[in-house]
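Owing to the predicted nature of the structure, the values given are computational and were not obtained by experimental measurement. By convention here, the first residue in the shown sequence is residue 1.
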Amino acid sequence: MLASAIIAAAFAITGAISSPVLPRGTPTDVQILQYALTLEHLENAFYSGALAKYDHRAFVKSGLPEFARKRFVQVSEHEKAHVEFLTAALGPQATKPCEYTFPYHDPTSFAALSMVLEGVGTSAYLGATQFITNKQYLLAAGAVLTTEARHAAWVASAVNKGTPWSGPLDTPLDLKQVYSLAAGFITKCPSTNPDLGLTPFPALTTSKHYAPGHEIALKYDNVGSNDFLVLFTGLSTIFLPIKDGKAPLPPRLTGTVYAVISNNGQSATDDNTIAGPTILLFPDNE
């Protein structure tokens with residue numbers, strides 16, 4: 001039941017809506033912090049909303065550990081502190097919170113979605129660090145990154161009884177990839193918010209049942225005759241040719257893998273990405 005909830009959470013995060021686009025070129029440090037604050041506002045709203053809705057009894061009744069809600073309260077406090085930290089750093093240029101919708105319906109589905117969001121948060125900070133020029137900002141981003149990674153590992157293992165990592169290296173995602181994942185939860189933002197220069201990629205959905213070494217069915221718009229399913233796992237990028245809406249998955253995949261559709265079989269960039277990302281989860285059942 002928990003495994004299916006985690007898979008459902010991964011599917012829920014793949015939808016994207018038209019929302020507020022970094023201009024071409026390297027983003028500035030301020031833009032990076034505004035982007036980070038946009039994500040932290042989302043996480044802050046996610047945790048505070050769920051904890052206001054579900055008490056300790058509801059968590060235990062859902063089959064989660066006795067300690068789970070107490071620890072989630074601490075995670076929520078961390079996310080709130082991240083918001084306050086970035087807001088203070090940006091001053092009048094700080095991004096304000098948006099309005100959100102999250103597809104959880106009980107503490108179990110909340111915990112499953114938490115695991116997915118924390119993983120995306122870790123990949124977001126990891127991918128953004130390459131653009132930060134100010135060493136103090138870089139240090140601050142690193143401090144948040146490691147905390148997000150601790151959150152992700154704790155939720156995955158202690159709460160959801162899964163493997164706390166996807167391999168020896170985490171997977172960096174670029175700004176537009178992360179924003180495309182986050183945009184599905186954003187319903188409306190203040191008109192006074194700074195323009196992040198980001199628009200989501202078109203959505204990519206997959207068959208609900210897939211496994212390493214087998215084909216995966218794909219659905220996206222603007223299908224081409226020479227498209228590739230591109231997998232990001234750790235620092236590796238895997239290109240798989242698509243035929244008749246399906247692609248063959250490699251035999252060895254584990255943990256969280258991010259996927260996009262590209263019309264280039266050698267290099268996946270924002271310019272040649274057709275759809276995605278979507279999140280593929282491969283539980284380690286050993």
Side-chain angles (χ1 to χ4, degrees), residues 6 9 13 29 32-56 58-60 62 64-91 94-102 104 107-129 132 136-166 170-173 175 178-179 181-182 185-186 255-256 279:
I6 295 172
I13 204 172
D29 286 351
I32 292 292
L33 293 186
Q34 290 171 334
Y35 156 83
L37 181 54
T38 297
L39 302 179
E40 294 295 348
H41 276 311
L42 186 151
E43 288 186 300
N44 186 39
F46 170 69
Y47 286 109
S48 61
L51 292 171
K53 188 173 183 179
Y54 303 122
D55 59 13
H56 173 76
F59 272 73
V60 175
S62 288
L64 297 178
E66 283 277 347
F67 58 79
R69 190 180 186 281
K70 179 181 178 180
R71 291 287 186 268
F72 273 122
V73 169
Q74 294 176 353
V75 172
S76 179
E77 291 171 348
H78 294 169
E79 303 301 353
K80 181 181 178 182
H82 294 167
V83 167
E84 293 171 348
F85 174 72
L86 291 170
T87 297
L90 285 165
T95 304
K96 299 294 189 296
C98 300
E99 296 177 13
Y100 313 95
T101 179
F102 300 105
Y104 58 78
T108 301
S109 55
F110 157 75
L113 186 53
S114 169
M115 187 183 88
V116 174
L117 286 177
E118 293 293 348
V120 171
T122 300
S123 292
Y125 276 96
L126 183 59
T129 54
I132 300 175
Q136 291 302 311
Y137 288 168
L138 181 60
L139 179 64
V144 175
L145 164 61
T146 54
T147 303
E148 296 287 349
R150 290 172 190 265
H151 293 168
W154 173 75
V155 178
S157 58
V159 179
N160 293 333
K161 308 302 181 184
T163 305
W165 45 71
S166 298
D170 274 318
T171 305
L173 294 175
L175 276 64
V178 172
Y179 189 77
L181 292 169
F185 301 115
I186 301 173
T256 300
I279 300 172

### Message
Could you tell me if the side chain of Leu181 sits less than 4.5 Å from the side chain of Leu173, heavy atoms only?
### Response
yes

#### Entry: Thr95 (side chain) donor-acceptor with Leu37 (main chain) under 3.5 angstrom
no

### Query
Looking at side-chain heavy atoms only, is the closest gap between Glu43 and His78 below 4.5 Å?
no

### Task
Over all heavy atoms of both residues, which pair between Asn160 and Ala111 is shortest? Give the atoms and the distance, please.
ND2-O, 3.3 Å

### Task
Take Thr256 and Thr171, measure what side chain to side chain contact (heavy atoms under 4.5 Å, CB included) needs, and give me the verdict at the end.
CA-CA 9 Å; Thr256 300; Thr171 305; over 6 Å; no

### Summary
The reported gap from OG1 in Thr87 to NE2 in His82 (rounded to nearest 0.5 angstrom) is 12.0 Å

### Query
Taking Tyr125 for the side chain and Val144 for the main chain, is one N or O donor matched with an acceptor at less than 3.5 Å?
no

### Query
With a 4.5 Å heavy-atom cut-off, do Leu51 and Phe59 have their side chains touching?
yes

### Query
Atom CZ in Arg150, atom OG1 in Thr122: separation rounded to 0.5 Å?
11.5 Å

### Task
Working to the nearest 0.5 Å, report the span between CG of Asn44 and OH of Tyr100.
8.5 Å

### Message
Please give me the minimum heavy-atom distance between Val159 and Pro65, naming the atom from each residue.
### Response
O-CD, 4.3 Å

### Task
Apply side-chain hydrogen bond (donor to acceptor under 3.5 Å, both in side chains) to Asp29 and list each qualifying residue two or more places apart in sequence or on a separate chain.
Thr133

### Query
For the residue pair Thr163 and Ala156, what are the closest heavy atoms and their distance?
O-CB, 3.7 Å

### Minimum heavy-atom distance Leu39-Ala124, with the two atoms named
CD1-CB, 3.6 Å

### Query
Roughly how far, to the nearest 0.5 Å, is CD of Glu99 from NE2 of His41?
13.5 Å

### Query
Is there a side-chain contact between Glu66 and His56, using heavy atoms and a 4.5 Å cut-off?
yes

### Query
Are Phe185 and Thr101 side-chain neighbours, meaning at least one heavy-atom pair lies under 4.5 Å?
no

#### Entry: pair Phe72-Tyr54: side-chain heavy atoms closer than 4.5 Å
no

### Query
Taking only residues two or more places apart in sequence, or in another chain, which ones meet Ala158 in a side chain to side chain contact (heavy atoms under 4.5 Å, CB included)?
Phe67, Trp154

### Task
Quick one: pull up OH in Tyr104 and CG in Leu113 and give me the separation to the nearest 0.5 Å.
9.0 Å

### Query
Which pair of non-hydrogen atoms, one from Ile132 and one from Ala141, has the smallest distance, and what is that distance?
CD1-CB, 3.7 Å

### Message
Ignoring hydrogens, what is the shortest heavy-atom contact between Ala58 and Asp55? Give both atom names and the distance.
### Response
N-OD1, 2.9 Å

### Task
Test side chain to side chain contact (heavy atoms under 4.5 Å, CB included) on Lys80 and Glu77 and set out the steps.
CA-CA 5 Å; Lys80 181 181 178 182; Glu77 291 171 348; 5.6 Å; no

### Query
In Å and rounded to the nearest 0.5 Å, what is the CG to CD distance from Leu42 to Glu79?
10.0 Å

### Query
Do the non-hydrogen side-chain atoms of Phe110 and Phe102 ever get within less than 4.5 Å of each other?
no

### Message
Taking the side chain as everything from C-beta on, heavy atoms only, tell me whether His151 gets closer than 4.5 Å to Arg71.
### Response
no

#### Entry: Side chains of Tyr47 and Ser114, donor plus acceptor under 3.5 Å
yes

### Query
Ser123 side chain to Val120 main-chain N or O, any donor-acceptor pair under 3.5 Å?
no

